[in-house]
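The block underneath contains the structure these notes are about, expressed in structure tokens.
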Amino acid sequence: MNEDSRKPTRRSTIAEIQGHEWLVEGPPHDKIPDVGVEAIVAKRIIEQDVVLDGIPERNLATFVTTWMEPEAQAVIAENLHRNFIDHAEYPQTAEIEKRCIRMLAQLYNAPGETTGARTQGSSEAIMLGALSLKWKWRERREADGKATDKPNLVFGGDVHVVWEKFCRYFDVEPRIVPLQPDKYVIGAEDVEPHIDENTIGVAAVLGTTFTGHADRIGEINDLLVGLKNDKGLDVPLHVDAASGGFVWPFLYPDTEWDFRLEQVRSINVSGHKFGMVYPGIGWLVFREESDLAEDLVFYENYLGKTDATFTLNFSTGSAMVLAQYYNLVRFGMDGYGFIMETMKENSEFLAKRLEEIGPFQIVRARDEQLPLVAFQIAADADAPYDEFDIAWQVSAERGWMLPAYTMPPNADKVKMLRALVKINLSRELVATLADDITQACETLEKKGGASKHERKRVKTGVGY
Ligand SMILES: Cc1ncc(COP(=O)(O)O)c(C=O)c1O
């Protein structure tokens with residue numbers, strides 16, 4: 001081998017210095033590379049890939065937090081190396097989880113000391129809460145010497161898909177109250193015909209995924225109290241407050257939907273939605289300790305200390321628990337109140353502008369609602385385009401991710417657009433969004449609706 005052949009080529013020298021070899025070779029897709037790359041190159045590969053993802057600030061579809069304070073981000077970054085489940089090694093983190101649960105129980109007016117769990121999100125909290133309903137129902141039936149083979153759960157078509165998932169995974173019959181073309185939440189008269197002695201519980205939503213309104217929880221509670229007193233049928237109510245659990249206590253504190261209502265036995269909330277924490281953190285809170293079925297708690301002596309666990313998964317990060325606590329103490333009641341009021345004002349402003357622009361109608365704008373605007377083209381408008389065309393056009397022109405979807409059965413002929421107005425959607429951005437929707441409608445007036453191919457690419461998911 002002569003001297004020259006050992007010399008790196010000009011190209012590889014530059015690649016080594018600049019760390020850019022993957023720019024021309026493409027990143028590994030299918031196989032772990034035989035030899036790794038420099039840290040900076042690995043970082044750049046990822047940065048270049050995610051450039052093609054949507055910009056979270058323009059994501060009007062998601063309920064999930066897309067902005068946190070720099071100090072909160074520092075708390076997260078400094079605690080990524082802690083495994084939450086290692087309670088023996090990280091007892092303070094475990095204590096902070098308990099503080100959060102106590103604060104939420106107090107926020108939801110629990111009558112006394114109680115228990116709960118930190119979860120990955122509302123989905124895990126719902127699975128655990130509903131499992132507890134099933135176990136408690138079985139205990140009651142067994143005590144009465146009655147059959148336990150046909151449990152059912154009653155909820156409306158306005159719930160998140162996780163409720164149907166629970167029923168399928170854990171062998172419970174779902175009794176789903178269908179929606180109607182002009183009725184997007186459920187009340188007592190809807191659930192009553194579905195309840196019987198095999199009903200493990202009723203699930204009601206505080207802030208639906210579809211329009212942000214609440215089921216008529218007070219009414220459903222009254223029905224269940226009546227059934228208990230008149231027929232001896234004790235059917236618990238679980239409130240899915242995934243989004244509403246951090247909104248209602250601040251915007252509508254006088255509305256009773258929580259443990260002030262006798263039959264509300266458990267509540268879930270997503271910390272990563274209006275709790276203002278990045279994903280994933282959720283919470284499950286019981287009314288009383290006895291509402292958690294004892295059989296579901298595992299006592300393990302695995303990591304150096306006997307620990308009671310009630311979770312679906314084991315290892316998980318501590319950072320988001322600490323970030324939730326950060327927000328609770330940092331914002332306090334008045335801070336959360338200010339944030340919720342700000343989002344509400346901005347969503348009202350957007351609703352007003354959309355009504356002025358026309359041809360839109362806002363869905364139940366004056367009712368208690370999450371900070372969002374659910375809207376549709378007015379029934380009497382003669383527009384040569386529909387809601388899906390608008391979603392496509394604003395995304396094509398300005399990159400807004402505005403979801404268009406049809407409502408669940410039996411309101412599935414109804415088309416809807418929905419814009420979340422979170423804290424990082426300032427008044428200036430809201431005004432721009434309204435102008436951009438106007439502009440998109442003007443384009444559609446001239447050119448007609450989106451093509452078949454374009455419509456296939458419209459963002460239609462509602463549940464985030
Ligand atoms: C009402 C409702 N329940 C449950 C969920 C699931 O929550 P998570 O994403 O926290 O698992 C959502 C998500 O959007 C929701 O809106």
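Sequence positions, counted from 1, serve as the residue numbers for this chain. Order of listing sets the numbers, starting from 1, for every ligand and every atom in it. Being a predicted model, the structure only gives us computed values, none of them experimental.
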Practice task
Please round to the nearest 0.5 Å and tell me the distance separating atom CG of Leu206 and atom CG of Asp215.
Solution key: 9.0 Å

Practice task
Answer side chain, backbone, both or neither: which part of Ala242 comes under 4.0 Å from ligand 1, heavy atoms only.
Solution key: side chain

Problem - Arg168/Glu164 salt bridge by N-O under 4.0 Å criterion - result: no

Handout entry: Any donor-acceptor N or O pair under 3.5 Å, side chains Thr66, Asn424
Key = yes

Exercise for the section: Ignoring hydrogens and angles, state whether a donor on the side chain of Ser315 or Asn83 is under 3.5 Å from an acceptor on the partner side chain. Expected result: yes

Handout entry: Distance-only side-chain donor-acceptor flag, Asn79 / Ser318, under 3.5 Å
Key = no

Fill in the blank from the handout: Here the atoms of ligand 1 under 4.0 Å from any heavy atom belonging to Val205 are 1 (C)

Exercise for the section: May I ask you to identify, for Gln120, whether its side chain, its backbone, both or neither come under 4.0 Å of ligand 1 on a heavy-atom basis? Expected result: neither

Exercise for the section: Would you check whether Thr209 has a nitrogen or oxygen atom less than 3.5 angstrom from a nitrogen or oxygen atom of ligand 1? Expected result: yes

Practice task
Out of His272, His160, Lys165, indicate the one that has the non-hydrogen atom closest to atom 5 (C) of ligand 1.
Solution key: His160

Exercise for the section: Look at ligand 1 and say whether Glu124 reaches it with a heavy atom at a distance under 4.0 Å. Expected result: no

Completion exercise
So for Ser123 against ligand 1, with non-hydrogen atoms under 4.0 Å, the contacting part is both

Practice task
Heavy-atom contacts with Gly121 under 4.0 Å: which atoms of ligand 1 show up? List them by number with element.
Solution key: 10 (O), 11 (O)

Fill in the blank from the handout: Rounded to the nearest 0.5 Å, the CG atom of Asp386 sits from the NZ atom of Lys415 at a distance of 3.5 Å

Exercise for the section: Check each of Asp240, Thr62, Ile281 against atom 1 (C) of ligand 1 and report the one with the nearest heavy atom. Expected result: Asp240

Problem - Side-chain donor-acceptor contact under 3.5 Å, Arg175 with Thr199 - result: no

